[in-house]
**Q** 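Before anything else, here's the structure in question.
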Amino acid sequence: MASVAVAGVKRRHTGVPIIDERQSYDVCSNLESSKRQRRHDISPKQNHRGVSLPNTTSNTPPKLGPAAPFEPNASIMLVGVRGSGKSTLAIIASTAMKRRIVDVDKTFQDVTGLSAVAYKRAHGPIEYRQRQHWILETTLASHQQDCIIVSSWMEPGLHGLLEKFAASHPVIHIARDAEAIQRYLKVADESRIRELMKYTASAFRAVANFEFFNVSERCSTLSGSANADTMDATMRGNGLASPAPYLTLKRAERHFLKFLSLIMPAKSIPFIESAFPLASIPTEIREFTYAVSVPLSRLLAHEWETEDIETGADAIEIVIDDAFTSEQTSFSGTSQLSPERASQISRAIGEVRRNVVIPIIYHVPWPAPTSIDDSRKAVYLEHVYHGLLLCPEYLTVDLRLDDRALHRVVEQGRTSKIIGAVHFESKSHSPPWTDPVWMSYYRKAQSSSCDLVKLTRPALSMEDNFEINILRSFVSTAGQPRIPLVAYNTGPKGRHSACLNKILTSVLPESLLKSSSGESHASSYIPPSLTPLQATVALRSSFATDDALKLYVVGANCQHSLSPAMHNTAIRALGMGHVYKPYSTDSLSDIRDLIHDVSFAGASVGLPFKVEAISLTHSLSTHAKAIGAVNTLIPVRHLNADGSIPDDALLSNARNSAGPVLALYGENTDWIGIRACIRRGLSPANAVRANTAGLVIGAGGMARAAVYSMLQLGVQNIVVHNRSPENARKLVSHFERLLSRDDIPLLSKIDGGKTHFYIQQCRDDPWPEHLRQPTIVVSCIPSQQTGDQPPPNFTLPDAWMRSPTGGVVVDFSYKVLDTPVILQTRAEAHRGWVVMDSLDLLPEQGFAQFELFTGRRAPRRLMRAEVLKSSPDEERSYPLQPRLDCITEQEP
């Protein structure tokens with residue numbers, strides 16, 4: 001059994017106006033209107049984008065002319081049918097971007113004193129349309145900046161206003177599955193809902209320049225049971241069930257903010273992935289990266305697992321494999337991408353993007369060896385144009401298109417990087433690599449301003465794998481602009497060149513390895529011939545890369561650390577030869593031999609050496625400098641002529657090779673883990689705002705990382721409590737000094753406000769009256785006995801836990817999972833309190849460490865699962881299997 005938690009549920013959020021979409025909705029009127037137009041065979045009026053208005057079934061190609069970038073403060077408009085979740089997504093965006101919400105339905109009622117339906121009934125449709133047009137025109141003209149505008153209006157008479165607005169602003173069509181819309185509108189007739197979805201989808205796509213599919217979340221309950229006892233256990237958070245249902249909205253929040261970060265200019269919206277090392281390095285400039293190829297038909301059939309497609313992947317290549325099947329296209333001269341088909345594609349892309357953090361490549365295969373007729377070209381372009389609406393990080397366009405069509409696609413790419421591609425599948429039509437046609441394709445990509453070029457052909461013999469180097473040599477002398485080249489042979493005989501190709505080689509998920517030969521003949525999908533694991537192992541076997549290197553976790557007592565199990569599982573899954581071991585020592589000087597070993601690949605630094613380890617480093621990251629502690633050491637094997645560390649020393653290209661260690665780079669990923677845990681546990685009702693208060697218990701190195709993570713989340717009121725008030729004052733002074741010098745690179749916008757610190761000297765002190773109750777609490781006190789001192793029996797005073805919406809408590813204890821603070825928080829789960837323990841924190845910071853150590857994307861769900869599996873039973877009083885079962889429901 002499964003319960004559905006949808007992102008369209010309205011909730012009250014302090015300081016944000018609530019928009020209620022649940023107005024009377026005249027479904028029949030709209031549908032009958034569209035049917036009347038079709039019945040009389042009215043020729044559809046064409047708008048300036050060359051698309052029929054919504055009484056047809058055509059999809060929307062983009063506007064002519066290059067798409068100009070948006071201004072950072074440009075207002076964002078969300079359009080879509082009622083029940084699609086626009087209001088909740090608007091609240092998410094307005095909270096993150098510090099923007100005002102403007103709802104045109106509410107504006108209409110404020111101006112006229114009547115709802116739209118009541119006004120239309122009282123004044124007639126003509127007067128209603130005139131009034132509606134004037135209100136929308138006025139609203140758009142007066143809210144050009146710093147707003148999130150929400151609208152369900154789809155009347156054809158409004159299209160001109162919306163298209164004009166879309167020329168300089170994002171207009172995002174919020175799509176949703178028909179089942180969710182039907183539940184929301186409470187319409188029993190499924191055929192009416194299908195007609196409504198078809199009509200509204202065409203109407204909104206006619207004016208939108210982007211489309212976001214709002215995936216309905218499904219929150220599984222324990223053992224498939226949905227009885228009252230189980231749901232009570234779920235909500236109370238006693239370790240026996242999945243997370244509280246409202247936390248499923250966290251995935252919708254991350255998904256939508258990621259989507260907005262792809263649309264808006266860089267740094268105009270905070271996004272959690274920006275903290276991870278590889279997030280700032282374009283995939284195409286890293287070496288030996290892989291795109292796991294998944295056909296759309298399998299996604300639509302739900303024949304995929306997130307862990308399977310993300311393990312070893314640097315990108316997910318979604319192949320629209322059935323665009324030219326008889327079921328989808330009639331080729332009758334009026335072939336068009338139907339609204340239903342477009343929604344299927346949007347849903348598949350949305351479901352993948354909600355579950356992974358790595359880039360998406362949208363690929364429509366070319367349906368013939370050479371040129372194609374106009375009908376097939378129309379189908380191809382409609383699928384490509386729809387892909388542009390979904391804003392994938394990469395999108396392929398075939399270089400066999402005519403110049404005009406190719407330039408038009410490239411111009412509309414906005415933030416999507418365009419891969420100019422040519423693949424010959426037929427061996428009889430495939431020219432050899434020495435043929436000049438390949439360089440003509442490369443030059444065409446250059447002249448068309450493509451971002452990458454991908455050229456592939458089937459290998460007829462092993463010699464073809466060496467001939468490809470002739471093409472690479474020609475490309476190296478092709479002049480500017482130098483476009484990254486993806487070039488290799490396909491098929492079983494082409495695996496050699498596929499392994500040695502350095503950029504975005506298409507690979508097969510491990511689960512499809514045995515079934516790939518059984519793909520449907522109706523599909524145009526030609527599966528790759530190797531998996532990312534096979535590719536990595538082949539590179540090692542050919543001595544091309546990836547020496548077997550040594551990694552360590554270093555601390556006073558590391559023999560029971562879960563880090564080796566977590567990292568070694570990830571290393572094996574990716575096919576690398578590294579080994580990660582614990583190294584316990586009482587003196588940091590003992591590790592000097594480790595770090596000067598030619599096979600040293602890096603080390604995790606544990607207590608009590610996080611501050612002392614700075615003395616070993618030659619350079620620190622800005623984060624480690626600000627925190628004043630390191631938990632990660634990275635070897636540097638290449639220096640500048642003046643002895644300084646190169647800016648690109650941490651690129652993945654230099655990570656997996658042995659050699660003399662010339663310097664050490666220090667990083668701190670603890671703050672990344674803390675930040676991620678806070679984000680995962682903080683409900684949408686407690687989203688960070690100007691009046692949010694955070695509480696840090698402790699004043700040591702981990703407390704510094706906790707304060708830093710709160711600063712990066714935009715928390716402006718931070719309270720510190722420690723047994724030694726003097727140490728608390730030192731911690732506060734440290735960060736006040738950094739903020740005054742502007743020495744902290746903040747990832748979240750603070751609205752020009754100032755950060756305020758407070759010290760709670762005594763546990764019995766009341767919470768400051770002028771502060772909001774804390775909704776973020778990070779406990780950094782040791783739970784185990786240290787020296788002759790007994791472990792502190794610390795709990796939070798009731799006066800500090802009176803937030804009416806609960807909050808999140810992060811506890812760092814690695815050896816005891818039932819600390820007093822954890823038990824206390826679980827007991828308050830019914831009031832909205834969520835606890836994140838060390839089994840949550842360890843993998844979150846470990847993802848960043850893995851990227852630094854290996855230069856590869858961390859297989860996140862695999863690492864989370866291994867931490868839970870390896871946790872000793874004696875450290876807790878409850879089973880971990882339910883948490884393992886819910887791995888797929890967590891944020892990626």
Side-chain angles (χ1 to χ4, degrees), residues 278 281-295 298-299 303-319 352 355-361 363 393-394 419 452 454 456 465 486-492 494-517 525-549 567-578 652-653 655-656 847 850-851 853-863 865-866 892:
L278 293 184
I281 304 176
T283 307
E284 63 269 19
I285 71 170
R286 294 163 47 210
E287 291 187 355
F288 299 111
T289 53
Y290 304 107
V292 170
S293 180
V294 185
R298 284 190 175 270
L299 295 176
E303 297 175 350
W304 64 287
E305 294 289 341
T306 304
E307 182 179 305
D308 183 43
I309 66 171
E310 76 172 355
T311 300
D314 299 282
I316 305 295
E317 180 186 50
I318 298 178
V319 182
V352 172
N355 284 281
V356 301
V357 299
I358 52 183
I360 287 176
I361 302 173
H363 174 53
E393 286 86 344
Y394 300 88
I419 304 175
L452 294 88
K454 182 175 182 178
T456 55
N465 294 307
V486 182
Y488 57 90
N489 293 296
T490 60
R495 285 178 289 187
H496 179 274
S497 66
C499 290
L500 294 179
N501 175 64
K502 292 185 176 182
I503 305 172
L504 291 174
T505 304
S506 293
V507 292
L508 194 68
E510 293 291 334
S511 64
L512 296 188
L513 186 59
K514 295 181 179 179
S515 62
S516 61
S517 60
Y525 178 65
I526 306 298
S529 297
L530 75 166
T531 68
L533 176 64
Q534 291 174 329
T536 305
V537 171
L539 283 174
R540 288 174 51 208
S541 301
S542 61
F543 308 105
T545 185
D546 196 24
D547 296 319
L549 304 180
H567 282 287
N568 284 326
T569 297
I571 288 168
R572 288 192 296 270
L574 269 59
M576 295 183 290
H578 307 337
S652 61
N653 307 345
R655 288 270 54 83
N656 296 309
F847 301 153
F850 187 86
E851 290 186 4
F853 291 151
T854 67
R856 297 287 300 276
R857 291 279 190 173
R860 298 189 174 193
R861 285 173 174 80
L862 188 68
M863 294 172 71
E866 187 58 36

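Computed from a predicted model, the values in this text were never measured in an experiment.
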**Q** List for me each residue that meets side chain to side chain donor-acceptor pair (under 3.5 Å) alongside Thr505, sequence neighbours excluded, and say none if there are none.
**A** Asn501

**Q** Using a 4.5 Å cut-off on heavy atoms from C-beta on, say whether the side chain of Met576 contacts that of Thr854.
**A** yes

**Q** So, taking the atom named CG in Leu508 and the one named CG in Asp308, what distance separates them when rounded to the nearest 0.5 Å?
**A** 9.0 Å

**Q** For Glu310 and Arg861, indicate whether the former's side chain and the latter's backbone hold a donor-acceptor pair under 3.5 Å.
**A** yes

**Q** The criterion is side chain to side chain donor-acceptor pair (under 3.5 Å); which residues satisfy it with Ser529, sequence neighbours excluded?
**A** none

**Q** Under the side chain to side chain contact (heavy atoms under 4.5 Å, CB included) rule, what do Tyr488 and Lys454 come out as? Steps first, then yes or no, please.
**A** CA-CA 9 Å; Tyr488 57 90; Lys454 182 175 182 178; 3.5 Å; yes

**Q** For Glu393, give me all partners under side chain to side chain donor-acceptor pair (under 3.5 Å), at least two apart in sequence or on another chain.
**A** Lys258, Arg353

**Q** Taking Pro859's backbone N and O only, do any of them form a donor-acceptor pair with Thr311's side chain (distance below 3.5 Å, no angle check)?
**A** no

**Q** CD1 of Ile309 to CD of Glu317: how many Å apart, nearest 0.5 Å?
**A** 12.0 Å

**Q** Looking at Ala858 and Glu851, what are the two nearest heavy atoms and their distance?
**A** N-CG, 4.3 Å

**Q** Using modelled atom types and a 3.5 Å cut-off, is there a donor and acceptor pairing between side-chain atoms of Arg286 and backbone atoms of Gly855?
**A** yes

**Q** Please find the pair of heavy atoms, one from Phe288 and one from Leu500, that lie closest to each other, and give the distance.
**A** CE2-O, 3.8 Å

**Q** Applying ring pair (Phe, Tyr, Trp, His ring centres under 6.0 Å), name anything that partners Phe850, two or more places apart in sequence or on another chain.
**A** none

**Q** Check whether Ser542 reaches the backbone of Leu539 with its side chain - one donor and one acceptor, N or O, closer than 3.5 Å.
**A** yes

**Q** Identify, with sequence neighbours excluded, every residue that meets salt bridge (charged side-chain N to carboxylate O under 4.0 Å, His left out) alongside Glu866.
**A** none

**Q** Within the 4.5 Å heavy-atom criterion, are Ile361 and Ile419 side-chain neighbours or not?
**A** yes

**Q** Counting N and O atoms only, with roles assigned by atom type, does the side chain of Ser506 sit under 3.5 Å from a partner on the main chain of Ser293, one being a donor and the other an acceptor?
**A** no

**Q** Considering non-hydrogen atoms only, spot the tightest contact between Pro509 and Thr531 and give its length.
**A** O-CG2, 4.3 Å

**Q** Search all heavy atoms of Pro359 against all heavy atoms of Thr283 and return the closest pair with its distance.
**A** CG-OG1, 3.9 Å

**Q** Identify the heavy atoms of Trp304 and Arg298 that sit nearest to each other, and give their distance.
**A** CD1-O, 4.0 Å

**Q** Does Asp314 reach the side chain of Arg856, with side-chain heavy atoms less than 4.5 Å apart?
**A** yes

**Q** Got a second to check how far Ile358's CD1 is from Leu278's CG, nearest 0.5 Å?
**A** 11.5 Å

**Q** Report the residues that fulfil side-chain contact (heavy atoms from CB on, under 4.5 Å) with Ile503, sequence neighbours left out, ordered by chain and then residue number.
**A** Glu284, Thr289, Leu452, Pro484, Val486

**Q** Could you grab the distance from atom OG of Ser541 to atom CD of Gln534, nearest 0.5 Å is fine?
**A** 11.0 Å

**Q** Can you list the steps and then say if Leu299 with Val352 is a side chain to side chain contact (heavy atoms under 4.5 Å, CB included)?
**A** CA-CA 8 Å; Leu299 295 176; Val352 172; 3.9 Å; yes

**Q** side-chain contact (heavy atoms from CB on, under 4.5 Å) with Ala538: which residues, sequence neighbours excluded?
**A** Cys499

**Q** For Thr536 and Gly575, which heavy atoms make the closest approach, and how far apart are they?
**A** CG2-O, 3.6 Å

**Q** Please answer whether the main-chain N or O of Val537 pairs with a side-chain N or O of Arg540 as donor and acceptor at a distance below 3.5 Å.
**A** no

**Q** Would you find a donor on one side and an acceptor on the other, under 3.5 Å apart, between the side chain of His578 and the backbone of Leu549?
**A** yes

**Q** Please enumerate all residues that pass side chain to side chain donor-acceptor pair (under 3.5 Å) together with Thr456, with sequence neighbours excluded.
**A** His423

